[in-house]
Amino acid sequence: SVAVASFTAPMFERRLGHLNMLWIGLLTQVIGIGLLYFVDDRVSLAIGMVIAGIGCAWSWAMPQAGAIKELPKEKVGLASGTIMTVMIMSGNTAIVISAMIIDLYPKTKIGEAAGIQSGFLMAALLAAVGLFSTLLILGRRTKKSQA
């Protein structure tokens, strides 16, 4: 789903704009990862992975597209690098916390389940914070530019 979403992102971005695609991607990511957190049967997990993959691909691509389109050429590299650094650090934080929780229960299924579930929760929370921040910060910016 990530590969397909990455391939289709430019087509949708041209129609909807990078900001709308970012909001859709983050919301889709929250829904997909939230589903992963709350269910544990194989079919629901597969559906959650497909949804989360689409949201993740769009959420990762659109900040880069927005930086390239909106900023002066001399600032695009800095913005792109900063955006990528924040996204990677956020993802790595979720992985480290998940690994720490698994390590609390060495070699037990309970520890593995708790660690995986905490990883899903952290990823969903990070996507929700990203969505809220995007709506708050960029929502104001678009209102000011329209006025």
Side-chain angles (χ1 to χ4, degrees), residues 1-13 15-71 75-144:
S1 66
V2 173
V4 171
S6 296
F7 181 73
T8 60
M11 177 184 65
F12 289 121
E13 189 271 335
R15 291 183 181 169
L16 302 173
H18 58 273
L19 188 57
N20 289 331
M21 281 296 295
L22 179 59
W23 291 338
I24 292 167
L26 286 168
L27 182 60
T28 304
Q29 191 174 354
V30 169
I31 291 167
I33 296 172
L35 186 61
L36 293 174
Y37 179 76
F38 288 109
V39 299
D40 62 356
D41 65 280
R42 289 182 185 169
V43 173
S44 299
L45 288 172
I47 292 169
M49 292 295 280
V50 168
I51 294 169
I54 291 168
C56 188
W58 288 347
S59 300
W60 275 64
M62 290 306 115
Q64 304 294 339
I68 291 167
K69 283 187 171 189
E70 298 288 326
L71 295 172
K75 294 185 180 181
V76 168
L78 176 63
S80 178
T82 303
I83 290 166
M84 189 57 67
T85 300
V86 169
M87 289 190 295
I88 290 171
M89 286 176 53
S90 300
N92 287 346
T93 301
I95 291 169
V96 168
I97 290 172
S98 182
M100 286 172 40
I101 291 173
I102 290 172
D103 203 36
L104 289 174
Y105 307 92
K107 299 181 183 177
T108 65
K109 289 183 180 184
I110 294 171
E112 290 175 10
I116 291 168
Q117 196 171 26
S118 71
F120 289 150
L121 180 61
M122 284 292 297
L125 289 174
L126 288 168
V129 167
L131 177 61
F132 178 74
S133 300
T134 303
L135 290 170
L136 185 69
I137 295 167
L138 297 179
R140 286 184 188 169
R141 188 174 151 251
T142 55
K143 286 178 186 175
K144 285 180 183 178

Would the number of heavy atoms belonging to other residues, nucleotides or ligands and lying under 6.0 Å from CE of M89 be above 12? no
For V30 and A124, work out which heavy atoms get closest and say how close. CG2-O, 4.0 Å
Can you run down the side-chain hydrogen bond (donor to acceptor under 3.5 Å, both in side chains) pairs that involve residues 115-132, sequence neighbours left out, and say none if there aren't any? none
Could you measure the distance from the CZ atom of F120 to the CG atom of L125? Nearest 0.5 Å is fine. 13.5 Å
So does A5 get a backbone contact from the side chain of T8, meaning a donor-acceptor N/O pair under 3.5 Å? yes
Is it true that a side-chain atom of S44 and a backbone atom of V39 form a donor plus acceptor pair closer than 3.5 Å? no
Heavy-atom pair of closest approach, residues V50 and S1: O-OG, 3.3 Å
Over all atoms of both residues, closest heavy-atom pair of A57 and V2: CB-O, 3.6 Å
Working to the nearest 0.5 angstrom, can you tell me the gap between L36 CG and L121 CG? 12.0 Å
C56 SG to I51 CD1 distance, which is reported to the nearest 0.5 Å: 13.5 Å
Distance-minimising heavy-atom pair for L131 and W23: CD1-O, 3.7 Å
The reported gap from CD1 in I47 to CD1 in I31 (rounded to nearest 0.5 angstrom) is 13.5 Å
Calculate, to the nearest 0.5 Å, the distance between atoms NZ and OG1 belonging to K75 and T82 respectively. 12.0 Å
According to side chain to side chain contact (heavy atoms under 4.5 Å, CB included), who are the partners of M21, at least two apart in sequence or on a separate chain? F12, E13, L16, W58, M62
Taking all heavy atoms of I24 and all of T28, pick out the closest pair and write down the distance. O-OG1, 2.7 Å
Quick one: list whatever passes side chain to side chain contact (heavy atoms under 4.5 Å, CB included) with L104, sequence neighbours left out. none
Nearest 0.5 Å, please: how far is CG in L35 from CE in M49? 11.0 Å
